[in-house]
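All of these numbers come straight from a predicted model, not from anything done at the bench.
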Amino acid sequence: QVELVESGGGLVQAGGSLRLSCTASGRTFSSYDMGWFRQAPGKEREFVSAITWLDISSYYTESVKGRFTISRYNTKNTVYLQMNSLKPEDSAIYYCVAGRSFAVRGGMIVGGINYWGQGTQVTVSS
């Protein structure tokens with residue numbers, strides 16, 4: 001069992017930055033793929049970014065490429081999402097996810113998620 005706890009959300013003006021953190025319980029964090037999804041009010045949950053454990057490949061949805069950076073520190077059981085140049089449309093609840101092996105299609109995570117965090121709110125004002 002893996003428990004995921006997100007932090008770092010908040011209110012920021014457009015153009016600003018936030019860094020989300022997700023800390024995982026358990027001793028096998030280093031062998032899990034990790035990632036982030038988000039869900040805005042009235043919209044479906046969507047993939048944002050992911051990083052694999054085996055070859056440290058990273059993936060991003062098109063709308064955040066060049067602005068968001070995902071990284072992981074296995075010694076801290078933590079994955080980060082650095083979000084720069086934030087836009088109002090980035091406002092959402094951001095969820096951390098973990099899986100033994102993500103299913104990737106078209107550069108996006110489409111399956112293989114075993115665990116979800118509770119989410120952290122990100123609000124970007126215009």
Side-chain angles (χ1 to χ4, degrees):
Q1 186 72 17
V2 174
E3 182 180 5
L4 305 174
V5 179
E6 304 99 332
S7 62
L11 173 64
V12 64
Q13 289 187 333
S17 298
L18 284 174
R19 188 177 77 161
L20 304 184
S21 301
C22 172
T23 300
S25 63
R27 295 177 292 177
T28 59
F29 172 82
S30 61
S31 61
Y32 277 85
D33 295 340
M34 303 294 297
W36 296 89
F37 279 67
R38 67 185 179 187
Q39 187 169 21
K43 295 188 177 181
E44 292 188 354
R45 194 170 292 186
E46 65 171 350
F47 165 74
V48 177
S49 181
I51 186 166
T52 62
W53 72 270
L54 185 60
D55 57 2
I56 319 300
S57 295
S58 57
Y59 303 91
Y60 300 93
T61 193
E62 194 64 33
S63 63
V64 308
K65 285 181 180 178
R67 300 188 298 121
F68 290 11
T69 303
I70 191 169
S71 58
R72 64 186 297 160
Y73 291 87
N74 292 338
T75 56
K76 296 183 178 181
N77 280 14
T78 300
V79 61
Y80 300 101
L81 186 67
Q82 178 67 45
M83 306 186 296
N84 299 328
S85 302
L86 283 161
K87 305 175 181 180
E89 51 264 42
D90 293 317
S91 297
I93 298 174
Y94 283 70
Y95 297 91
C96 180
V97 297
R100 297 308 298 262
S101 181
F102 285 159
V104 181
R105 186 168 67 235
M108 300 176 63
I109 306 307
V110 296
I113 296 171
N114 301 117
Y115 303 100
W116 291 80
Q118 292 298 308
T120 185
Q121 177 72 50
V122 171
T123 304
V124 184
S125 63
S126 58

Report yes or no: does Thr120 contribute a side-chain atom to a donor-acceptor pair with the main-chain N or O of Gly9 at less than 3.5 Å?
-> yes
ILVMFWY network linking Trp53 to Val97, side-chain heavy atoms under 4.5 angstrom = no
What distance do Ser63 atom OG and Glu89 atom CD have between them, rounded to the nearest 0.5 Å?
-> 8.0 Å
Go through Met83 and Val64 one step at a time and tell me if the side chain to side chain contact (heavy atoms under 4.5 Å, CB included) criterion holds.
-> CA-CA 8 Å; Met83 306 186 296; Val64 308; over 6 Å; no
Heavy atoms only: give me the nearest Tyr59-Ser49 pair and the separation to one decimal.
-> O-OG, 2.9 Å
Determine, for Tyr80 and Arg72, whether the Lys NZ or Arg CZ falls below 6.0 Å from the six-membered ring centre while staying within 45 degrees of the axis.
-> no
Quick one: does Gln82's side chain have a donor or acceptor within less than 3.5 Å of a partner on Arg19's backbone?
-> no
Verify, without hydrogens or angle tests, whether Glu6 (side chain) and Gln118 (backbone) share a donor-acceptor contact under 3.5 angstrom.
-> yes
In this structure, CG of Asn77 is separated from CG of Leu4 (nearest 0.5 Å) by 10.5 Å
How many angstroms lie between CG in Asn114 and CD in Gln1, if you round to the nearest 0.5 Å?
-> 10.0 Å
Ser91 side chain to Val124 backbone, donor-acceptor under 3.5 Å = yes
Side-chain H-bond candidate by donor/acceptor type, Thr52 with Asp33, under 3.5 Å = no
Same apolar cluster (I L V M F W Y, side chains within < 4.5 Å links), Val104/Tyr60 = no
More than 12 heavy atoms of other residues, nucleotides or ligands under 6.0 Å from CD of Gln39: is that the case?
-> yes
Interatomic spacing from CZ in Arg38 to CG in Leu81 - rounded to 0.5 Å = 9.5 Å
d(Ser58 OG, Phe68 CZ) to nearest 0.5 Å is 14.0 Å
Shared ILVMFWY cluster between Trp116 and Ile109, side chains joined below 4.5 angstrom?
-> yes
Should Tyr95 and Val79 be counted in the same cluster of Ile, Leu, Val, Met, Phe, Trp and Tyr side chains packed under 4.5 Å apart?
-> no
Has Glu3 got more than 12 heavy atoms of other residues, nucleotides or ligands less than 6.0 Å from its CD?
-> no
Between Ile93 and Gly119, which heavy-atom pair has the shortest distance, and what is it?
-> CG2-CA, 3.8 Å
Does Ile113 share a hydrophobic cluster with Val48, counting links as ILVMFWY side-chain heavy atoms below 4.5 Å and allowing steps through other members?
-> no
Taking all heavy atoms of Ser85 and all of Ser17, pick out the closest pair and write down the distance.
-> N-OG, 4.3 Å
Geometric cation-pi criterion, Arg45 with Phe37: 6.0 Å, 45° = no
Which heavy atom of Tyr94 sits nearest a heavy atom of Ala92, and at what distance?
-> CD1-O, 3.4 Å
CE-OG1 distance between Met108 and Thr61, expressed to the nearest 0.5 angstrom = 4.5 Å
